[in-house]
Amino acid sequence: MTSPFPARGPAAGFEAAGTRAVQAAMAGLPGPVQVNVPFDEPLVEPPADHPGAYLPPAGDLSLPQFPVPASPLDRIAGLLRSARRPLIIAGPETGGLPVGALLRLADSLGAPILADPLSGLRAGVPDGAPVLDAFDAWFRSVPPPPPDFVLRFGASPTSKVLNQLLAGWSDAVHVLVDLPGGYREPNGTRPLVLMGSPAAAAEALAAVPAQAEGRWRGRLLEADRAARAALDAASREPCEPFEGRVFTELRDLLPPGATLVAGNSMPVRDLDNFFGLRQEPLDITANRGANGIDGVMSSAAGAAAAGTPTAVVVGDVSFLHDLNALWAAREHRLPLLVVVVNNGGGGIFHYLPQVAHTDAFERWFATPPGIEPARAAALFDLPFCRAESWPAFCEAVESWVQAPGPFVVEVRTDRRANVAMHQRAWAAAARAAAEVLGR
């Protein structure tokens with residue numbers, strides 16, 4: 001492509017390639033783009049020939065919008081008119097789903113929204129919005145009344161129990177909204193597919209007359225609110241440090257417009273269960289998919305490089321896998337808060353069948369790294385705090401909010417004790433929701 005910037009010798013080619021890469025990453029199906037940069041000898045130009053610093057032009061690059069085709073829209077609208085228990089699933093989405101459009105759709109249909117923590121509908125959402133956020137906790141033992149119409153936006157939800165329910169709701173009509181060329185459906189539900197931008201699809205479907213049962217949405221919302229209150233209370237019980245409480249506290253501590261990055265394994269699941277909702281805007285993201293636990297802190301460093309205060313929550317194994325990110329944080333003085341939940345290994349495996357293999361569990365599954373985050377922070381000359389109590393944790397985060405910069409905070413927990421604490425929290429949420437639904 002032709003560079004839109006004035007040519008400045010060799011720099012013009014780099015400008016053009018960078019611009020094209022950004023446009024490709026945001027067009028059609030947004031995603032990563034690889035840029036190959038060949039260098040000719042001599043690798044270093046004479047000092048006088050070096051181009052000056054490049055400043056990009058002002059203005060945001062917005063995602064392209066795709067209208068929904070009329071033919072599948074008419075068919076889906078016909079089925080939606082007969083729905084009495086419609087349900088909207090807001091799954092993970094890069095950059096977040098369109099909050100306003102989905103809320104208008106939910107109100108039009110009389111449908112609740114099950115919002116994944118990575119959907120963009122857990123922060124910056126008005127009070128009283130029809131958004132369920134505690135469902136992963138109480139759905140485990142109190143399955144909700146089955147919907148007859150499931151409308152999905154975004155990728156597959158983080159919640160395993162929700163994915164299992166989706167696969168089991170075979171009597172419901174399933175509709176997947178995805179961009180042209182996309183098909184993010186791993187649960188085998190054989191959905192009808194509505195291609196188009198989420199906002200365009202939501203606006204089109206909001207025009208369908210609502211037919212939902214009168215108490216359908218209200219009962220689910222009331223049950224979820226009760227479950228959320230139980231989860232908040234359980235996370236703040238006076239006991240050993242509870243990993244889920246990290247997100248309960250960060251929900252209230254992080255400044256508006258900040259970025260929160262959750263590591264894979266337990267952190268993103270604790271985010272799902274214990275963050276809840278907040279009205280102030282917050283960009284919540286995670287690396288999901290084949291990348292696993294590698295590169296989580298580097299991704300957070302990239303977000304912080306934009307000048308946005310960024311907090312990342314990782315376990316000690318993820319921390320070990322990406323120590324080089326601390327160098328970038330120091331080198332560029334990034335506004336990056338690294339919260340290390342140090343439970344001496346991979347805590348998620350205590351919730352999986354592997355835990356029964358007691359002879360091999362610690363070495364091959366838990367894989368305790370045996371590192372001291374304090375020494376790692378010292379290696380890169382970064383400030384460090386081991387939060388021995390929740391007031392100390394809050395004080396550390398508040399000090400970072402006042403003066404954002406590279407900062408490592410360690411929260412030490414016990415893997416086995418946390419299994420019991422999670423189970424008590426989930427049981428409390430289920431009891432609270434069951435009481436509402438049983439009335």
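What you see below is based on every heavy atom in this structure, not just the backbone, and it leaves out hydrogens, waters and symmetry mates.
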Would you give me the side-chain donor-acceptor pairs under 3.5 Å for residues 386-398, sequence neighbours excluded?
from : atom 1 : to   : atom 2 : distance (Å)
R386 : NE     : E410 : OE1    : 2.9
R386 : NH2    : E372 : OE1    : 3.2
S389 : OG     : A392 : N      : 3.2

Heavy atoms only: give me the nearest [X]-[Y] pair and the separation to one decimal.
X: S159; Y: N163; result: O-ND2, 3.0 Å
X: L337; Y: W400; result: CB-CE2, 3.5 Å
X: A377; Y: F384; result: CB-CB, 3.9 Å
X: T158; Y: R269; result: CG2-CG, 4.5 Å
X: P267; Y: G263; result: CB-O, 3.2 Å
X: L166; Y: H174; result: O-CE1, 3.4 Å

Quiz item: Any side-chain donor paired with an acceptor under 3.5 Å for S235 and T248?
Solution: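 Yes, a side-chain donor-acceptor pair sits under 3.5 Å.
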Of all pairs that satisfy salt bridge (charged side-chain N to carboxylate O under 4.0 Å, His left out), the ones with a partner from [range], not counting sequence neighbours:
range: residues 109-125; value: R122-D272
range: residues 185-210; value: R104-E203, R152-E185
range: residues 91-103; value: E93-R184

Quiz item: Within the distance-only criterion (no hydrogens, no angle test), does the side chain of D148 pair as donor or acceptor with the backbone N or O of R85 below 3.5 angstrom?
Solution: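 Side chain of D148 to backbone of R85: a pair is present.
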Quiz item: Within the side chain of R333, is there an N or O that forms a donor-acceptor pair under 3.5 Å with the backbone of G405?
Solution: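 No: the side chain of R333 does not pair with the backbone of G405.
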Self-check item: Residues D136, R140: salt bridge by 4.0 Å N-O rule
Solution: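 Answer for the salt bridge query: yes.
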Practice problem: Inspect the contact between D107 and R217 and indicate whether a charged nitrogen and a carboxylate oxygen are less than 4.0 angstrom apart. | Solution: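 Salt bridge flag = yes for D107 with R217.
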Only distances under 3.5 Å count here; give the side-chain donor-acceptor pairs of residues 204-212 to other protein atoms, sequence neighbours excluded, each with its distance to 0.1 Å.
none

Quiz item: How would you list, by chain and number, every residue that makes a side-chain contact (heavy atoms from CB on, under 4.5 Å) with F66, sequence neighbours excluded?
Solution: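 Residues passing side-chain contact (heavy atoms from CB on, under 4.5 Å) with F66: P64, L179, P180, S197.
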Exercise. Step by step, work out the salt bridge (Lys or Arg N to Asp or Glu O under 4.0 Å) result for D133 and R251.
Key: CA-CA 13 Å; D133 59 84; R251 176 188 66 201; over 6 Å; no
